[in-house]
Amino acid sequence: MLLAGSLASAQQVQRITPNFKDADITQVAEAVAAATGKNFIIDPRVRAQVTMLSSTAMSPPAFYEAFLSILQVYGFIAVPQGNVVKIMPDTNAKTSPSIDLPDHVSSTSDEIVTQVLDVKNVSAAQLVPILRPMVPQYGSLVAYPAGNILVITDHASNVNRMIRIIRRIDQVGNQDPEIVPLQNASAAEIVRVVNSLYQGASAEGSVVKVVADERSNTVLIGGQEAQRLRIRALIAHLDTPLGGGGDTRVRYLHYANAEKLAPKLKEQITGIAQAASGPGGTTAPAANPLAQAEKNAMVWADPQNNALVITAPPKIMRAVMEIIDKLDIRRPQVLVEAIIADIDFDKDAELGVNWAAFINGSNVPAGAFVSPVGGTSIVDLAGAIENPASATTTLLQGTTLGIGKINGGSGTNFAAVLRAIRSDTDDNVIATPSAVTMDNQEAELKVAQEVPFITGQYTSANTAVVGGQVSPFQTIQREEVGTILKITPTISPEGTAVMLKISIESSSIGQKPAGAVDLVTNKRTVSTTVMIDDGGIVVLGGLTEDDTTKGENRVPFLGQIPILGYLFKTRNESNTKNNLMIFIRPKILRDASQAAYETDLKYNYMLDEQKKMEKMGAHEAVPLLPGVSRGAMPPLPPGGSAPSVKPPAAPQSAAPASTPPTGQTPPANPPITMPPTAAPVAPGTPAPDNAAATPADQQAPPSQQPPPNQQPSPKP
């Protein structure tokens, strides 16, 4: 009890009533050190005359707080560091250590503290301009945007005040946007009306923002809650069905076919109406007027104007118009050029001897070798001599040398013939068909003759007899012989390649072989599907055939005797070589300028061919038809694209190795000239480097030639 009383009395004794008048600040520091037991280090720059008056006693901690207030008033700070308190000018407050991150910042203390605050709902960087005027020059206020953190260094009382201000600002506001789905009106139209009404105006200090989502036909509203409620009520009033249940619009089509599109749109409208009526379409029309209006929607086509007449409520009308916008677009075209090169060589040779010997004028030979050579034997020749009317063209082919002795009486008669025949046939067919068609649209190019072929014949009792010969009734079937090209192009989504479904047929009348009863046709066909880059060339197929056949007819043993054996045998040999290659090149015509450029190239080529024919006719000394002019192609009109069109540049690609809806594409390959004709090249002869290029007199005018850096590459 005595000890407790002594301590209590000691505390009561340690009460200080400071009174200083024009005292040196170091003297005040000495008094504070004596009362509190703290150790002070005073900066030499700390100089001031202090006046402090107090009428009541205070404890040592209170005396120390009062001393800190004196230092703040005179521009000094106390920085504790271990057991020592450093007193220095406040200009060093930013760089001097202080009470770092205290658990509690006093609202009455003037000590220097550093506090880190995490801001949760607002941006820390946006708070810095607001709080900067509240921080003195010697304080520090820094924002860390990555963590949304504020770092403050100042007197504890001011830091405590700023913490309370920040907490008041850092509040969660009801700023979440509202989503308003629409049933009848268009979201874009509603947003246009609302923004026109509230343009430049603000409600309760906050600007409202209204955005349309056309995909889901919804409206998004952002702003204060009261303003959102007002706009939502306005939207609900505008989102009402029309009084008549719908409206009618006429939509003119530019590229699509109205008659083909109308049935598809009607099916789409029926599906939308069934979905709006609920499962099974059981919703009563009286309970849902919108469903009844959608059910009565209709679409019909006007072929004369290529237009669609649509009657539907706004919701269906909007959906139908969006579908039409996607379908009624200009589709690119594809120019497909093909080269069919068919070079055939047929060589046949036959050589042989026929002989026969007769004794005593008998018609029955005593010996003979009559193997036919070139389809004709010595017997056929003898029959033709006796009856010249029975001679055929086969007997006159080749070369025939005869020798013999023929007496009508007794004795030995003989006859022998040496027959040799050689035939060479060369076929050089170079066809370059080309066709232009729309994307995903089949095109057919046919340059052919209808050749009749006898398929059967028969006679009856009523068959007419003319000149002693019976004319049987014949059935004839006509077949097309020529070049037939069928293509269906499909442009890739990137717009850099074309998938081609191709069917090419090249046929011609061939040489009629021995034993054939009717005409013979040579036919080459290719049916395939390939993927080709825009402007690239690919070979579709080819055939290289070399067929050699040798035959010999001889008398056994005698035909094998050297030299003398040639009198007892006939020989034949044939060699056939076929070289067939088919090449294809597609080119995408994305716009009118590219189509005009390709058209002008072909047109100018035909004009050049026409000029060559005129030059040939000018050299005739005596024209057979004087005064008769030839038909001529007119030049392109002055407004045509030939003088002004330049090679169109392909659009650049936005994706690697590959466009757009309007797909962008990488640069097209350099143009390759594929003229309608090509000069034949003898087999085994190497073609010069420029052999496949277009001749100088067949090229387009200079205005139609590609740039120097895009010279035509040699054709295959």
Side-chain angles (χ1 to χ4, degrees), residues 2-117 134-142 150-164:
L2 292 175
L3 180 60
S6 63
L7 291 175
S9 61
Q11 290 180 354
Q12 292 177 357
V13 172
Q14 294 181 0
R15 305 284 291 182
I16 304 169
T17 304
N19 285 287
F20 300 97
K21 186 175 182 180
D22 294 333
D24 189 84
I25 194 171
T26 58
Q27 297 177 358
V28 179
E30 292 176 358
V32 174
T36 60
K38 295 181 179 294
N39 302 318
F40 292 103
I41 298 177
I42 302 176
D43 191 283
R45 293 173 294 177
V46 178
R47 293 290 182 267
Q49 300 299 320
V50 177
T51 298
M52 178 182 179
L53 303 177
S54 176
S55 59
T56 59
M58 60 181 65
S59 63
F63 187 26
Y64 180 72
E65 293 294 335
F67 178 65
L68 295 178
S69 299
I70 292 174
L71 294 177
Q72 180 183 6
V73 170
Y74 287 94
F76 306 116
I77 59 173
V79 180
Q81 187 171 2
N83 296 327
V84 178
V85 178
K86 296 184 292 185
I87 300 175
M88 61 184 67
D90 57 10
T91 55
N92 298 330
K94 298 179 181 179
T95 58
S96 299
S98 59
I99 301 177
D100 189 14
L101 304 178
D103 296 334
H104 174 72
V105 179
S106 175
S107 61
T108 59
S109 176
D110 287 330
E111 60 185 350
I112 296 296
V113 298
T114 298
Q115 187 68 15
V116 177
L117 300 176
M134 304 179 188
V135 180
Q137 293 293 332
Y138 56 82
S140 174
L141 176 62
V142 181
L150 286 174
V151 181
I152 308 174
T153 300
D154 200 357
H155 292 281
S157 58
N158 195 33
V159 172
N160 183 275
R161 180 173 71 100
M162 296 183 65
I163 290 175
R164 287 185 279 113

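Quick caveat, the model's predicted, so the values are computed rather than measured. Residue numbers run from 1 in the order of the sequence given. FYI, side chains are in, hydrogens and waters are out, and symmetry mates aren't considered; it's all heavy atoms of this structure.
- One distance of note links CD of Gln49 with OH of Tyr74; it measures 8.5 Å at 0.5 Å rounding.
- Panel note: side chain Asn158, backbone Met134; a donor-acceptor pair is recorded below 3.5 Å.
- With rounding to the nearest 0.5 Å, the separation of CD1 in Ile87 from CZ in Phe40 is 5.0 Å.
- When side chains are defined from C-beta on, Val85 does not count as touching Phe67, because their heavy atoms never get closer than 4.5 Å.
- In this structure, CG in Leu150 is found 8.0 Å from CE in Met162, a value given to the nearest 0.5 Å.
- Thr51 places a side-chain N or O within donor-acceptor distance of the main-chain N or O of Asp22, the cut-off being under 3.5 Å.
- Between Lys38 and Tyr64 the shortest heavy-atom distance is CD-CE1, 3.5 Å.
- Residues Phe63 and Pro18 share a closest heavy-atom pair of CE1-CB, 3.7 Å.
- With contacts defined as side-chain heavy-atom distances shorter than 4.5 Å, the pair Phe20/Ile70 does not qualify.
- Among all heavy-atom pairs drawn from Ile42 and Ala29, the shortest one is CD1-CB, 3.9 Å.
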Show your reasoning for whether side chain to side chain contact (heavy atoms under 4.5 Å, CB included) applies to Gln115 and Ile163. CA-CA 9 Å; Gln115 187 68 15; Ile163 290 175; 4.0 Å; yes
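- Closest heavy-atom contact between Leu71 and Ala78: CD1-CB, 3.8 Å.
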